[in-house]
K.L.:
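Encoded as structure tokens, here's the structure I'll be asking about.
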There are 2 protein chains.
Amino acid sequence: MSGLTIGDLSTRTGLAVSAIRFYETHGIVHPVRNAGGHRRYDKADLRRLSFAMIAQRLGFSLADIAAHMAHLPTHKAPSKTDWSKISKTMRIDITERITQLEKLRDRLDGCIGCGCLSLASCALYNPSDTLGALGAGPRTLLTD
Amino acid sequence: MSGLTIGDLSTRTGLAVSAIRFYETHGIVHPVRNAGGHRRYDKADLRRLSFAMIAQRLGFSLADIAAHMAHLPTHKAPSKTDWSKISKTMRIDITERITQLEKLRDRLDGCIGCGCLSLASCALYNPSDTLGALGAGPRTLLTD
DNA sequence: CCTTGATCTAAAGTGCACTTGAGAAATTAT
DNA sequence: ATAATTTCTCAAGTGCACTTTAGATCAAGG
């Protein structure tokens with residue numbers, strides 16, 4: 001009657017019980033304890049976990065997600081406004097990721113596809129535009 | 001005179017020496033040994049490593065990459081045709097990834113953005129279209 | 001020739017995101 | 001009341017992609 005069990009969350013989110021406990025250590029959920037020391041969750045925690053799962057699929061690390069969710073109230077249900085604030089800031093990151101992926105794909109077509117991969121003039125090695133968000137990448141590749 | 005050293009590859013690709021050795025254990029490069037037991041690389045290995053780095057940025061695991069590169073000749077420089085065959089098959093995967101990301105982003109807008117995140121009717125929990133490629137995801141999220 | 005720097009191997013360590021295992025206590029079902 | 005199930009904690013293990021460490025050997029410049 002007073003809150004959901006970790007098993008309830010598990011069946012309703014599809015997450016393993018161990019994963020939910022793990023997420024707690026990262027500040028994604030903040031259950032309270034009942035008399036026997038068992039975790040009791042709020043319905044809002046279903047949203048928190050679902051949001052975390054989706055954000056992970058979008059390529060965010062748990063640390064990223066926890067940082068974003070730190071802006072939500074800890075022990076009361078976040079409002080629609082709370083959620084939409086977060087999703088708006090994340091949307092920017094997502095769009096950036098998509099853009100980078102598209103750029104890399106197009107370059108793969110034009111550059112690897114044609115076999116020029118190692119030429120200094122190759123767009124893939126042009127250091128002028130930062131691909132830093134997706135990794136370090138080749139810095140200098142002299143003539144082959 | 002007979003081939004590039006691992007240090008040469010490191011400075012020209014930006015990869016750590018240890019990473020290049022690690023990639024060798026995964027079949028990305030196949031250096032030969034000189035009289036003293038040191039690795040000697042071919043120019044074509046620059047392309048192999050560069051390709052691997054780019055593919056990683058595109059979200060491929062080393063195992064994926066090694067599998068794709070298994071179709072290249074091991075001890076002679078791959079032809080343009082060899083490379084373009086690989087990039088064509090990878091392009092399909094990349095486009096799929098981008099499509100999934102876009103779908104998720106759009107749903108984030110329409111679904112998390114509006115706060116409905118936990119409704120059974122939410123498009124994010126619609127199991128009809130497989131998001132399996134990007135992870136397991138929530139299976140059932142009953143009414144909240 | 002000799003020193004300095006690069007490379008060698010093998011094993012252990014790192015960070016992320018979890019899972020597994022063990023033994024005990026709480027909860028639920030019969 | 002008893003059995004079955006769930007949950008608890010804490011430590012250790014897993015897989016990926018590497019890095020670090022240690023001690024030894026190789027190669028190159030003065």
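What's counted below: heavy atoms across the whole structure, side chains too, no hydrogens, waters or symmetry copies. Here is how names work: the chains are called A, B, and so on, in the same order as the sequence lines, proteins then strands, and each is numbered from 1.
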K.L.:
Does B:Arg33 make a side-chain N or O approach to OP1 or OP2 of C:dT9 shorter than 4.0 Å?
P.N.:
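For B:Arg33, the contact criterion (side-chain N or O under 4.0 Å from OP1 or OP2 of C:dT9) is met.
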K.L.:
Can you tell me how far C1' of C:dC8 sits from CZ of B:Arg40, to the nearest Å?
P.N.:
12 Å
K.L.:
Which atom names give the shortest non-hydrogen contact between A:Arg48 and A:Thr74, and what distance separates them?
P.N.:
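Nearest heavy atoms, A:Arg48 then A:Thr74: NH2-CA, 4.0 Å.
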K.L.:
To the nearest angstrom, how far is A:Leu62 atom CG from C:dT19 atom P?
P.N.:
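Spelled out: CG on A:Leu62 to P on C:dT19 is 11 Å.
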K.L.:
Take the protein atom CG of B:Leu4 and the nucleotide atom C1' of C:dT7, then report the distance between them rounded to whole Å.
P.N.:
15 Å
K.L.:
By nearest heavy atom, map A:Arg39 and B:Phe22 onto DNA chain D; which one lands nearer the 5' end?
P.N.:
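It is A:Arg39 whose nearest nucleotide is closer to the 5' end.
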K.L.:
Report the distance from atom CD1 of A:Ile65 to atom C1' of C:dC18, rounded to the nearest whole Å.
P.N.:
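Computing the A:Ile65:CD1 to C:dC18:C1' distance gives 14 Å.
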K.L.:
Among the nucleotides D:dT19, D:dA27, C:dC18, which one has an atom lying closest to any side-chain atom of A:Ala19?
P.N.:
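Comparing D:dT19, D:dA27, C:dC18 against the side chain of A:Ala19, the answer is C:dC18.
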K.L.:
Can a side chain N or O of A:Asn34 be found less than 4.0 Å away from OP1 or OP2 on C:dT27?
P.N.:
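True: A:Asn34 side-chain N/O within range (under 4.0 Å) of C:dT27 OP1/OP2.
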K.L.:
So, does B:Arg21 get its side chain near the phosphate of C:dC8, meaning an N or O under 4.0 Å from OP1 or OP2?
P.N.:
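Yes.
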K.L.:
What nucleotide among D:dC8, D:dA17, D:dC18 has an atom nearest to a side-chain atom of A:Ile6?
P.N.:
D:dC8
K.L.:
Quick check for you: among D:dA17, C:dA17, C:dT7, whose closest atom lies nearest to any side-chain atom of B:Thr5?
P.N.:
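Closest of the options to the side chain of B:Thr5: C:dT7.
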K.L.:
Does some side-chain heavy atom of B:Ile98 sit less than 4.5 Å from a side-chain heavy atom of A:Arg105?
P.N.:
yes
K.L.:
Could you state the atom-to-atom distance from CG of B:Leu9 to P of C:dA6 in whole Å?
P.N.:
15 Å
K.L.:
If you find the nucleotide of DNA chain C closest to A:Gly36 and the one closest to A:Ser18, which residue's nucleotide is nearer the 5' end?
P.N.:
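Looking at DNA chain C, the more 5' nearest nucleotide goes with A:Ser18.
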K.L.:
To the nearest Å, give me how far apart CD1 (A:Ile20) and C1' (C:dT20) are.
P.N.:
17 Å
K.L.:
Can you tell me which nucleotide in C:dT7, D:dT7, C:dC18 comes closest to the side chain of A:His38?
P.N.:
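Given the options C:dT7, D:dT7, C:dC18, the side chain of A:His38 is closest to D:dT7.
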K.L.:
Roughly how many Å is it from CD in B:Glu24 to P in C:dA10, rounded to a whole number?
P.N.:
12 Å
K.L.:
Could you check whether the rings of B:Trp83 and B:Phe51 sit parallel, tilted or perpendicular, using 30° and 60° as the cut-offs?
P.N.:
tilted
K.L.:
Which listed nucleotide (D:dA17, C:dT7, D:dT19) is nearest to the side chain of B:Val17?
P.N.:
C:dT7
K.L.:
Using a heavy-atom cut-off of 4.0 Å across all strands, would you classify B:Ala35 as base, sugar-phosphate, or nothing?
P.N.:
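Here B:Ala35 touches no strand at all.
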K.L.:
Do A:Arg39 and A:His30 come within less than 4.5 Å of each other through their side chains, counting heavy atoms only?
P.N.:
no
K.L.:
In whole angstroms, how far is the C1' atom of C:dT27 from the CG atom of A:Asp8?
P.N.:
13 Å
K.L.:
Stepwise, does the side chain to side chain contact (heavy atoms under 4.5 Å, CB included) test hold for B:Leu49 with B:Leu15?
P.N.:
CA-CA 9 Å; B:Leu49 290 175; B:Leu15 285 169; 4.0 Å; yes
K.L.:
Hey, is the side chain of B:Tyr23 poking within less than 4.0 Å of OP1 or OP2 on D:dC18, counting only N and O atoms?
P.N.:
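Indeed, a polar side-chain atom of B:Tyr23 lies that close.
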K.L.:
Does A:Lys80 offer a backbone N or O that forms a donor-acceptor pair with the side chain of A:Ser84 under 3.5 Å?
P.N.:
yes
K.L.:
Report yes if a side-chain nitrogen or oxygen of A:Gln56 is closer than 4.0 Å to either non-bridging phosphate oxygen (OP1 or OP2) of C:dC18; otherwise report no.
P.N.:
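Yes, A:Gln56 has a side-chain N/O under 4.0 Å of OP1/OP2 on C:dC18.
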